[in-house]
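Every chain is numbered from 1, with letters handed out A, B, ... down the list of sequences. Nothing here was measured: the structure is a model prediction, and the numbers come from that model. Heavy atoms only: backbone and side chains are in, while hydrogens, waters and symmetry mates are out.
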2 protein chains.
Amino acid sequence: MEPVIPNAPVTLKDVAVASGVSLSTASRALDDRGKPSQSATADRVRKVAEELGYRRNAFASNLRRGQTRTLGVLVPRLSDTVMALMFEEIERAASSRGYFAMVATSGDDPNDERKAAETLLDRSVDGLILATSRIEDELPKYLRESSVAHALVLRTDGTSPSSLGDDEVGGYLAVRHLVDLGHTDIAVITGPSFTSTGIARLAGAKRALAEAGLHVPKRRMISVGYGIQSGFSTGRELLSEKHGSKPTAIFAANDNLAMGVMAAAKEQGLIIGENLSLVGYNDIPQSALLPTPLTSVRIPLEQIASRAIDFVLAPTSEHEIRKFMPTLIPRESSGKPQ
Amino acid sequence: MEPVIPNAPVTLKDVAVASGVSLSTASRALDDRGKPSQSATADRVRKVAEELGYRRNAFASNLRRGQTRTLGVLVPRLSDTVMALMFEEIERAASSRGYFAMVATSGDDPNDERKAAETLLDRSVDGLILATSRIEDELPKYLRESSVAHALVLRTDGTSPSSLGDDEVGGYLAVRHLVDLGHTDIAVITGPSFTSTGIARLAGAKRALAEAGLHVPKRRMISVGYGIQSGFSTGRELLSEKHGSKPTAIFAANDNLAMGVMAAAKEQGLIIGENLSLVGYNDIPQSALLPTPLTSVRIPLEQIASRAIDFVLAPTSEHEIRKFMPTLIPRESSGKPQ
DNA sequence: CTGTTAGCGCGTTCAT
DNA sequence: ATGAACGCGCTAACAG
């Protein structure tokens, strides 16, 4: 096994000389796009390149070709498991199409988002995938105006090409599940109102409630940031005695929020799945292995990633917003009301 | 606010023409390394560049300069919160030094690791940071032979420049804490024996046990893969009645493992912090907000990241392995034996 | 299919 | 301090 990088990088010229052909012939023989040339010379060149340990200089190549086979991915943060999983899927989908995925984080701050996008664009990515978009987000707008190939995942701004789960249906499934179990006193903790996920999951939840003829007061529908801490404090608020009656079930629009609620429930002496039913969203792997396994709504990350990349690589009709069906995964955290 | 990327990218030449200077003058005026030229012309060029929305073409620049101000980071997986946090810190530290961090995942598979490293190297990163290394790993060895600037984080192969927490001390602190609480029947779930973390945390645990004069049979020291599932199955094994007595305390060498143990404990009807004390490792943010907050060993990720980048950017004496002190964060998951 | 030539956009000689 | 010229490594256009 030879070293990954020889001390003196071998260039295309070296390969050409060693094979006794011109630079362009060598270049063509080594061109990996399209069908590889079958000629004997080409084979020889490839063999020589292999022996010499030739590796194409991506910069020179990109500079000349004007494209990089690289995609930029923007996420709020990687320490959010859903975002990490989303990126991993995008990375995989990109790789299978011969592309490389680069990530940058923005922390849900519009300024940092813009900076991160510029950083990525400065590296001449062929397109951008954003998991950060807000309702009426400026960034997708500028990307459209600048004709930068891009797609939104998980969240949509309502205009740019988007690939995401059907959050309205997901919200509906979650609450419908609780209704079917017999709950009538249900609370909803939804995501930030600047995210399409927050809005749509809440809308779905409301539809399920209305369908069941249940009235839920406003103080039972709370919009907060995604994150365990929010789940904990909101859960505590909902489950404390202050408001008189407590809900018997909570739909948290994110597994992290649900985990926070679990901690709050414990604090109040409630037992998840018995005194309090709980449904989360995203079905991150951890949710199945919690002390009380969490009922959650699973979204098809792989399909979402795949479609998003297609949007970027083969821009079709604009304004296409593709929604994938989510699935409810029932587990022990949700049961009949006592 | 202008579009991020103008439809017709403006080049250095455009700036030069618009400023009425030559290409090289423009190039020098816009050189951001070293001290910026103070001449009036330079100022004018910069102003024009700003107005035109000039952005340096990274490929052309890199090609010419022979360096990219980009670092490659290799992690087993991003969906492991510790790894995501580690990358975020590296990203931050790199950014503060004017560098960009690119990540690739290898899934703890030596072949994929090698491939991922090549992908990164093909993009001419100036250096590599690996969070993936195994004892006697081949990759760091090849990197050394090929004189590729690199550093290992979190794990070390014992040779390449490394920046990590002192895992032996961490393991000691964890078990010492349990001993101090009065536990005498302690089990240890440690990481894979191909990782320095697995080995060192176990060694530290043993030191604490020996110091306390406690004998722990081999079946109470189990080496498994990091991951909730492993924690769950190992926890179940340790806590089932099969072995006669059950341990009153468990040190899990990773917070994920600890969460798995929590699930197993629940299954066996044990109450964490009362019937069973538990200490984790890494202190991921979630650990503080679990239904029973987890006692854990915190490692200084920021310092680790910072030092690793220095290793890569300013290679000093080889074979330097820098270990940072971990801190025990006591929470409710550990208490006196009943 | 092959070789020759030109040039992607930029940074750096080397003169002035 | 400035401008002219060269070349980083590679690919595309052109001719043969």
Inset, instruction - Output, in order, the C-alpha distance, side-chain angles, deciding distance and verdict of salt bridge (charged side-chain N to carboxylate O under 4.0 Å, His left out) for E51(A) and K47(A). - result: CA-CA 6 Å; E51(A) 285 167 7; K47(A) 192 154 162 286; 3.4 Å; yes
Inset, instruction - Mark yes or no for a side-chain to base donor-acceptor pair under 3.5 Å between T11(A) and dG9(D), with no hydrogen or angle criteria applied. - result: no
Legend entry - Any N/O donor-acceptor pair, S24(B) side-chain to dA4(D) base, under 3.5 Å: yes
Inset, instruction - Could you check L23(B) against A26(A) and say which one's nearest nucleotide on DNA chain C is further toward the 5' end? - result: A26(A)
Legend entry - Cation-pi check, R307(A) onto F311(A) ring (under 6.0 Å, within 45° of axis): yes
Inset, instruction - Validate the cation-pi geometry between R56(A) and Y54(A): distance from NZ or CZ to the six-membered ring centre under 6.0 Å, angle to the ring axis within 45°. - result: no
Nearest-Å distance, [atom1] ([X]) to [atom2] ([N])?
{"X": "L63(A)", "N": "dG9(D)", "atom1": "CG", "atom2": "P", "result": "13 Å"}
{"X": "F59(B)", "N": "dG7(D)", "atom1": "CZ", "atom2": "P", "result": "24 Å"}
{"X": "R64(B)", "N": "dA5(D)", "atom1": "CZ", "atom2": "C1'", "result": "11 Å"}
{"X": "N62(A)", "N": "dC10(D)", "atom1": "CG", "atom2": "C1'", "result": "10 Å"}
{"X": "R65(B)", "N": "dG9(D)", "atom1": "CZ", "atom2": "P", "result": "16 Å"}
{"X": "K13(A)", "N": "dG3(C)", "atom1": "NZ", "atom2": "C1'", "result": "15 Å"}
{"X": "D32(A)", "N": "dT11(D)", "atom1": "CG", "atom2": "C1'", "result": "13 Å"}
{"X": "R55(B)", "N": "dC10(C)", "atom1": "CZ", "atom2": "P", "result": "12 Å"}

Inset, instruction - Using only heavy-atom distances, determine whether the side chains of Y226(A) and T197(A) contain a donor-acceptor pair under 3.5 Å. - result: yes
Legend entry - Side-chain donor-acceptor pair present, S306(B), R97(B), cut-off under 3.5 Å: yes
Which part of the nucleic acid, if any, lies within reach of [X] when heavy atoms closer than 4.0 Å are counted: base, sugar-phosphate only, or nothing?
{"X": "S39(A)", "answer": "sugar-phosphate"}
{"X": "R56(B)", "answer": "sugar-phosphate"}
{"X": "S27(B)", "answer": "base"}

Inset, instruction - Find which nucleotide of DNA chain D each of R33(A) and V21(B) is nearest to by heavy atoms, and output the residue with the more 5' nucleotide. - result: V21(B)
Legend entry - Side chain of R28(A) - closest among dC10(C), dT2(C), dT11(D): dT2(C)
Legend entry - Given dG11(C), dA4(D), dC10(D), the nucleotide with the shortest approach to the side chain of S22(B): dA4(D)
Legend entry - Distance below 4.0 Å between T41(B) side-chain N/O and dT2(D) OP1 or OP2: yes
Inset, instruction - Give a yes/no on whether any side-chain N or O of Y54(A) is located under 4.0 angstrom from OP1 or OP2 of dC10(D). - result: yes
